**Student:** 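Here's a structure for you.
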Amino acid sequence: MHLAVATPGVSKAAVRAATAATSPVVVKATRCGRLPPTRSPTELTICVRCCRVSLHAADRVLAGIGSPVTDRVRLLDASSVPRWLRRRFDCPVIAQPRQRQQPHSVVWD
C-alpha cells in the first residue's frame, strides 16, 4: 500500500496533486507526527513545507514507521532542495515546483 502523508501546512489536495500518478492513500499527520490508524505501508511519501513544524512532523513520522518501507520526502512549492534538507533525512528528497493554473479561454457566441 502506498501511503502519502500531509504534514502541518500541507493540504490533502496538495498531496493528491503531487502524488497523482501513484494514487496513494492520503492521511494528515499531527504536529507531533502521529498518523491515524492505517495498514502498514510498503511505500511512503511525506509532503513537507520548509517550516519547523512540518519538518519536525516528518522526522517523527519517519521514526515511527517500523517496517521496511520505501520512503521519500517531497518539498512542495520549491524549485530545488536546499543542501541542509537533503542531509536531514535518510531518504531521497524531491522538490515539487508550484503548479501554475493556466487561464481558461472562453469563447462567446
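Along the sequence shown, residues carry numbers from 1. Bear in mind the structure is a predicted one, so any value in this text is a computation, not a measurement.
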**Student:** For a quick check under 3.5 Å, do T45 and H2 share a side-chain donor-acceptor pair by atom type?
**Tutor:**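 Yes - a donor-acceptor pair under 3.5 Å links their side chains.
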**Student:** Return the minimal non-hydrogen interatomic distance between P8 and K28, and the atom names on each side.
**Tutor:**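 Heavy atoms of P8 and K28 come nearest at CA-NZ, 4.2 Å.
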**Student:** Please tell me if the side chains of T30 and R60 come closer than 4.5 Å, counting only heavy atoms from C-beta onward.
**Tutor:** no
**Student:** Does R49 reach the side chain of D77, with side-chain heavy atoms less than 4.5 Å apart?
**Tutor:** yes
**Student:** Hydrophobic clusters here meaning ILVMFWY residues chained together by side-chain heavy-atom distances under 4.5 Å, can you tell me if L44 and L35 are in one?
**Tutor:**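 Yes, because L44 and L35 connect within a single hydrophobic cluster, where side-chain heavy atoms sit under 4.5 Å apart.
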**Student:** Treating Ile, Leu, Val, Met, Phe, Trp and Tyr as nodes and any side-chain heavy-atom pair under 4.5 angstrom as an edge, say whether I46 and V93 lie in one connected cluster.
**Tutor:** yes
**Student:** Answer yes if F89 and V53 sit in the same cluster of Ile, Leu, Val, Met, Phe, Trp and Tyr residues linked by side chain heavy atoms under 4.5 Å apart, and no otherwise.
**Tutor:** no
**Student:** I need the L76 CG to I94 CD1 distance, nearest 0.5 Å.
**Tutor:**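 If we round to the nearest 0.5 Å, L76:CG and I94:CD1 are 11.0 Å apart.
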**Student:** So do V27 and T38 actually touch side chain to side chain, heavy atoms under 4.5 Å?
**Tutor:** yes
**Student:** Measure the CD-OG distance between Q96 and S79 for me, rounded to the nearest 0.5 Å.
**Tutor:**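 Nearest 0.5 Å value for the CD-OG distance: 12.0 Å.
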**Student:** Are more than 12 heavy atoms from other residues, nucleotides or ligands located less than 6.0 Å from atom CZ of R86?
**Tutor:** yes
**Student:** So which heavy atom on T7 is nearest to which on A29, and how close?
**Tutor:**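 Closest approach of T7 to A29: CA-CB, 4.5 Å.
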**Student:** Taking L3 as the starting point, is it possible to reach V73 by hopping between hydrophobic residues whose side chains are less than 4.5 Å apart?
**Tutor:** yes
**Student:** Which residue is it: T19, V48, V10, V81? I am looking for the one with a side chain to side chain contact (heavy atoms under 4.5 Å, CB included) to R74.
**Tutor:**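 For R74, the side chain to side chain contact (heavy atoms under 4.5 Å, CB included) test succeeds with only one of T19, V48, V10, V81, which is T19.
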**Student:** If Ile, Leu, Val, Met, Phe, Trp and Tyr residues are connected whenever their side-chain heavy atoms lie under 4.5 Å apart, and connections chain through other members, are V15 and L62 in the same group?
**Tutor:**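 The answer is no; the residues belong to distinct hydrophobic clusters.
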**Student:** How about CZ on R31, more than 12 heavy atoms from neighbouring residues, nucleotides or ligands closer than 6.0 Å, or not?
**Tutor:** no
**Student:** Roughly how far, to the nearest 0.5 Å, is CZ of R16 from OG of S11?
**Tutor:**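 Here the rounded value is 8.5 Å.
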**Student:** Taking all atoms of both residues into account, what is the closest heavy-atom pair of P97 and A95, and its distance?
**Tutor:**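 Closest approach of P97 to A95: CD-O, 3.6 Å.
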